[in-house]
Amino acid sequence: MRRALIIGNWKMHKTVAQAVGFARELSAGFTARADRDVAIAPPFTALHALSAVLKDTAIALCAQDVHWELEGAFTGEVSAPMLLEAGCRYVLIGHSERRRGSGESNEDVNRKAKAALRAGLAPVICVGETLDEREAKQTFSVIRRQLKEGLNNILADDIGRAIVAYEPVWAIGTGKTATPGQAEEVHDFIRQFLERMNGTEIAAGTCILYGGSVNPDNAGSLMAQKDIDGLLVGGASLDAGSFRKIIDY
Ligand code: PEP
């Protein structure tokens with residue numbers, strides 16, 4: 001009942017010209033699949049150009065961040081309606097690189113998620129524990145707090161449009177993927193949390209992505225897990241051939 005979703009997060013990579021070249025290569029001969037959705041998350045600068053290149057394709061656009069206000073004196077920020085106008089369908093929120101590098105809190109994540117939903121974007125809310133937290137056996141308490149505070153007071157009608165991405169911090173950009181069993185254990189925990197919070201139907205319909213050193217060799221075994229509904233791919237999404245193999249897991 002859940003469609004898979006594979007998102008390529010380019011982080012701060014690719015000029016507009018490089019992004020357009022990639023999008024043309026990826027979309028050539030790419031047809032919509034009934035069981036999965038695909039999106040790429042380029043830097044803000046490339047969103048507008050890519051929305052034109054991808055207009056008649058089955059590849060959607062995702063932004064890497066959003067501000068919670070509609071407009072105002074917020075230098076360097078971009079609002080949810082601006083992202084929608086630029087052609088985005090999704091937006092990443094609370095990526096660990098923003099939590100760590102820009103001090104983003106669970107409260108910020110919550111405000112951003114609400115702003116995205118209000119504008120009609122699907123927020124991809126990223127959660128995950130550090131290596132120290134995993135070794136201290138705090139994985140579940142960390143994820144519980146991130147979800148509880150990040151999803152606080154989001155209306156039941158809206159929550160069904162939110163996507164959760166489990167990204168263990170120790171697996172991001174390290175080449176150290178969580179084993180399918182380790183990832184499934186946390187995905188199952190997230191699904192149970194969502195069930196307690198929003199009921200069985202919403203929890204069963206929520207797409208939960210895994211991210212952390214996904215590559216063409218491990219994508220299939222991760223996607224074979226019961227509660228892994230999709231993938232958030234960093235480094236391996238920068239090359240169209242490698243990303244295509246992951247999409248075709
Ligand atoms: C990410 O950026 O969300 C990510 C998971 O990166 P990587 O695939 O490179 O670990």
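Both counts, for ligands and for their atoms, begin at 1 and track the order of listing. Remember, it's a predicted structure, so these values are computed and weren't measured experimentally.
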With heavy atoms and a 4.0 Å threshold, my read on which part of A165 contacts ligand 1 is neither
Between Y210 and H187, what is the ring plane arrangement, given parallel below 30°, perpendicular above 60°, and tilted in between? tilted
In this structure, atom 3 (O) of ligand 1 is nearest to the protein heavy atom E167 OE2, 2.7 Å
Face-on cation placement of R144 at F189 ring, 6.0 Å and 45° thresholds: no
Can you list the ligand 1 atoms lying under 4.0 Å from a non-hydrogen atom of G235? 7 (P), 8 (O), 9 (O)
To the nearest 0.1 Å, how far is atom 8 (O) of ligand 1 from its closest protein heavy atom, and which atom is that? G234 N, 2.8 Å
Heavy atoms of T177 and A171 approach each other most closely as CA-CB, 4.4 Å
Per-atom contacts of ligand 1 with H95, taking only distances under 4.0 Å to non-hydrogen atoms: 1 (C), 2 (O), 3 (O)
A171 heavy atoms within 4.0 Å reach ligand 1 at atoms 10 (O)
Got a sec: does the CD of E69 have more than 12 other heavy atoms crowding it under 6.0 Å? yes
In terms of atom number and element, which parts of ligand 1 are under 4.0 angstrom from non-hydrogen atoms of L232? 3 (O), 5 (C)
With a cut-off of 4.0 Å, which atoms of ligand 1 are near a heavy atom of S213? 7 (P), 8 (O), 10 (O)
Ligand 1 atoms in contact with G212 (distance to a heavy atom under 4.0 Å): 5 (C), 10 (O)
Counting only heavy atoms not in E85 (residues, nucleotides, ligands), do more than 12 fall under 6.0 Å from its CD? no
Within the 4.0 Å heavy-atom cut-off, what N9 brings close to ligand 1 is side chain
Note: R191 and T206 closest approach over all heavy atoms is NH1-O, 2.6 Å
Ligand 1 contact by G173, heavy-atom criterion under 4.0 angstrom: yes
Around atom NZ of K245, are there more than 12 heavy atoms of other residues, nucleotides or ligands at under 6.0 Å? no
Does a side chain donor of either W10 or Q64 reach within less than 3.5 Å of an acceptor in the other side chain? no
For S96 and ligand 1, answer yes if some heavy atom of the residue is under 4.0 Å from a ligand atom, otherwise no. no
Carboxylate-amine/guanidinium proximity below 4.0 Å for D108 and K112: no
Has ligand 1 got any nitrogen or oxygen that is less than 3.5 angstrom from a nitrogen or oxygen of I172? no
